[in-house]
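See structure below.
Atoms within a ligand are numbered from 1 in the order they appear, just like the ligands themselves.
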Amino acid sequence: MTYQQHIPLRPFNTFGIEAEARHYCEIHSVSDLQAIARQQGDEPMHILGGGSNVLLTGPVQGRVLHIRIPGRNVEAVSGNTALVAAGAGENWHDFVQWCLAQSLGGLENLSLIPGSVGASPIQNIGAYGVELKDVFHSLEAVRLSDGELVTMDAADCAFGYRDSFFKREGKGRYAIVKVYFQLTTSKHRLRLDYGAIRDTLKEMNVAHPDIHDISRAIIQIRQSKLPDPALIGNAGSFFKNPETEADTWQRLSELHPGMPHFPLPDGRVKIPAGWLIEQCGWKGFREGDAGCYDKQALVLVNYGQATGQEILSLARRIAASVQERFGMVIEPEVNVW
Ligand code: FAD
Ligand code: EPU
């Protein structure tokens, strides 16, 4: 396990931004990672998975550890529940399809999310009515300060909407090496209520959907509105959807009729940032190669040669205009390096 110097990261980030890693190392095993952490615990380390939620704004100083730890396994079955483990370096969507091929349920609504298994707990990935926390059992991570292997359960991870311990107190302190999931082997709980799932299944002529149909429907919906990073650089939603008190939404909706909203279990309200951004006139905007996607305003795109600084500057202008018009702060979901 040796470091390579001055490695171009363009192939390793879905925004397709050109930036180099001063020191880069691929990690294929837990023991290699532990050895690195023991040697260099006090040096800044950047953990890279599939690069689908990072924006590179310049050369990456410190060390880039590219997690490629493989492995997936059904560890135990009890009743209709299976405990399934996957190495952090596994591709997320391949893992979801591997589970589906064995008729394991729980991950189907999370089909086609780019990236790695190891990054899935970082922002508690979510889509179409399911979040990672709903199927999460535990994880193993290497503590970067001393190379110790630690186990964490859901309470340790403190999952929230696009949020976890790893984006707060644990930021930059751990590399996740394995994630354990609790899936169903039968009597799957089908989640059909979110957005266009039912309509899409109807269009597919599926009257009695199973987990495989749901996965296919989700893939179809996602392909219709999100840009394929292989064709247009992007990192999915650039911002999180803001959450606000119900009375704030009430007041805003009187000023801005038609403002969509989604009630949250705690009485608060989530407002789609895509709508706020579209109302500010950014949808389809392009300056040079940096732009706001014309089918989904929440997605910022690199049409080819945009720099990370150009994307970041566009993001700041968008956030400022949303704040000016609606008085709402929208925070980036993407990790800016
Ligand atoms: P990276 O981009 O490599 O890293 C993201 C962050 O996690 C960084 O801070 C990094 O340091 C950290 N990290 C990565 N791996 C590890 C590890 N093993 N241990 C510790 N820290 C680590 N997200 C959703 O939640 N829902 C969606 O529907 C969704 N749709 C998307 C659609 C598109 C087209 C794209 C491009 C992105 C989308 N995303 C979505 C965002 C992205 O796919 C997820 O955030 C994904 O989990 C990122 O995985 P990654 O391996 O690419 O992480
Ligand atoms: N909308 C607009 N204009 C737009 C885009 C959206 O008005 O250009 C409004 C519409 O009212 C629409 C609503 O926003 O009904 C919601 O849009 P959509 O269903 O596309 O979902 P989203 O809130 O924009 C979130 C996640 C996605 C996830 C989808 C499906 C966040 C930040 N984003 O997007 O996750 O795939 O829901 O569950 O929560 C990601 O995190 O990278 C990501 C893509």
*Record the part of Phe239 in heavy-atom contact with ligand 2 below 4.0 Å; permitted values are side chain, backbone, both and neither.*
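Under 4.0 Å from ligand 2, Phe239 contributes backbone atoms alone.
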*Answer with side chain, backbone, both or neither: which part of Ala297 has a heavy atom less than 4.0 angstrom from an atom of ligand 2?*
both
Which part of [X] is near ligand 1, with near meaning a heavy atom under 4.0 Å away: side chain, backbone, both or neither?
{"X": "Tyr174", "answer": "backbone"}
{"X": "Asn335", "answer": "side chain"}
{"X": "Val299", "answer": "neither"}
{"X": "Thr14", "answer": "side chain"}
{"X": "Ile122", "answer": "side chain"}

*Are Tyr161 and Glu131 linked by a side-chain donor-acceptor pair shorter than 3.5 Å?*
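Looking only at side-chain atoms, Glu131 and Tyr161 do not form any donor-acceptor pair under 3.5 Å.
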*Is there a donor in the side chain of Gln182 and an acceptor in the side chain of His137, or the other way round, less than 3.5 Å apart?*
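Not at all, the side chains of Gln182 and His137 share no donor-acceptor pair under 3.5 Å.
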Can you tell which of [options] gets a heavy atom nearest to [atom]?
{"atom": "atom 44 (C) of ligand 2", "options": "Gly195, Ser237, Gly129", "result": "Ser237"}
{"atom": "atom 41 (C) of ligand 1", "options": "Gly236, Gly49, Ser52", "result": "Ser52"}
{"atom": "atom 37 (O) of ligand 2", "options": "Phe262, Tyr194, Tyr128, Tyr161", "result": "Tyr194"}
{"atom": "atom 34 (C) of ligand 1", "options": "Leu65, Asn234, Leu226", "result": "Asn234"}
{"atom": "atom 4 (O) of ligand 1", "options": "Val54, Leu112, Leu139", "result": "Val54"}
{"atom": "atom 22 (P) of ligand 2", "options": "Lys240, Glu333, Arg162, Gln296", "result": "Gln296"}

Check this for me - ligand 1, [X], N or O atoms closer than 3.5 angstrom, yes or no?
{"X": "Pro114", "result": "yes"}
{"X": "Gly51", "result": "yes"}
{"X": "Gly50", "result": "yes"}
{"X": "Ala235", "result": "no"}
{"X": "Gly126", "result": "yes"}
{"X": "Arg222", "result": "yes"}
{"X": "Ser120", "result": "no"}
{"X": "Asn53", "result": "yes"}

*Report, as yes or no, whether the 6.0 Å neighbourhood of atom CD on Gln5 holds more than 12 heavy atoms from other residues, nucleotides or ligands.*
yes
Under 4.0 Å from any heavy atom of [X], which atoms of ligand 2 are there?
{"X": "Asn241", "value": "23 (O), 31 (C), 32 (C), 39 (O)"}
{"X": "Glu278", "value": "2 (C), 3 (N), 4 (C), 7 (O), 8 (O)"}
{"X": "Lys283", "value": "3 (N), 4 (C), 8 (O)"}

_Residues Glu287 and Arg317 bridged, charged N to O under 4.0 Å_ =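 Between Arg317 and Glu287 there is a salt bridge, with a charged N closer than 4.0 Å to a carboxylate O.
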*Does the distance from a Lys or Arg side-chain N to an Asp or Glu carboxylate O, for Lys171 and Glu169, drop under 4.0 Å?*
no
Could you identify the single nearest non-hydrogen protein atom to [atom] and state the distance to 0.1 Å?
{"atom": "atom 23 (N) of ligand 1", "value": "Gln123 NE2, 3.0 Å"}
{"atom": "atom 40 (C) of ligand 1", "value": "Ile113 CG2, 3.8 Å"}
{"atom": "atom 47 (O) of ligand 1", "value": "Ile125 CG2, 3.2 Å"}
{"atom": "atom 19 (N) of ligand 1", "value": "Ile176 N, 2.8 Å"}
{"atom": "atom 10 (C) of ligand 1", "value": "Ile47 O, 3.0 Å"}
{"atom": "atom 15 (N) of ligand 1", "value": "Ala119 CB, 3.7 Å"}

[X] touching ligand 1 at heavy-atom level, < 4.0 angstrom:
{"X": "His46", "value": "no"}
{"X": "Trp337", "value": "yes"}
{"X": "Pro227", "value": "yes"}
{"X": "Glu131", "value": "no"}

Where does the angle between the aromatic ring planes of [X] and [Y] fall among parallel (under 30°), tilted (30 to 60°) and perpendicular (over 60°)?
{"X": "His46", "Y": "Trp337", "answer": "tilted"}
{"X": "Phe165", "Y": "Tyr174", "answer": "tilted"}
{"X": "Phe159", "Y": "Phe136", "answer": "perpendicular"}
{"X": "Trp282", "Y": "Phe285", "answer": "perpendicular"}

*Atom CZ of Arg268 and atom CD of Glu243: how far apart are they, to the nearest 0.5 Å?*
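Spacing of CZ (Arg268) from CD (Glu243) equals 5.5 Å.
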*Hey, could you give me the OG/CG distance between Ser186 and Asn80, rounded to the nearest 0.5 Å?*
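Between Ser186 OG and Asn80 CG, I get 4.5 Å after rounding to 0.5 Å.
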[atom] within contact range, any protein heavy atom under 4.0 Å:
{"atom": "atom 5 (C) of ligand 2", "value": "yes"}
{"atom": "atom 15 (O) of ligand 2", "value": "no"}
{"atom": "atom 30 (C) of ligand 2", "value": "yes"}

Under a 3.5 Å distance rule, please check whether [X] uses its side chain to pair with a backbone N or O of [Y] as donor and acceptor.
{"X": "Gln323", "Y": "Val329", "answer": "no"}
{"X": "Glu108", "Y": "Gly106", "answer": "yes"}
{"X": "His66", "Y": "Gly49", "answer": "yes"}
{"X": "Ser253", "Y": "Met259", "answer": "no"}

*For the residue pair Thr14 and Ala235, what are the closest heavy atoms and their distance?*
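So the minimum-distance heavy-atom pair works out to OG1-CA, 4.0 Å.
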*Got an N/O contact under 3.5 Å between Lys295 and ligand 2?*
no
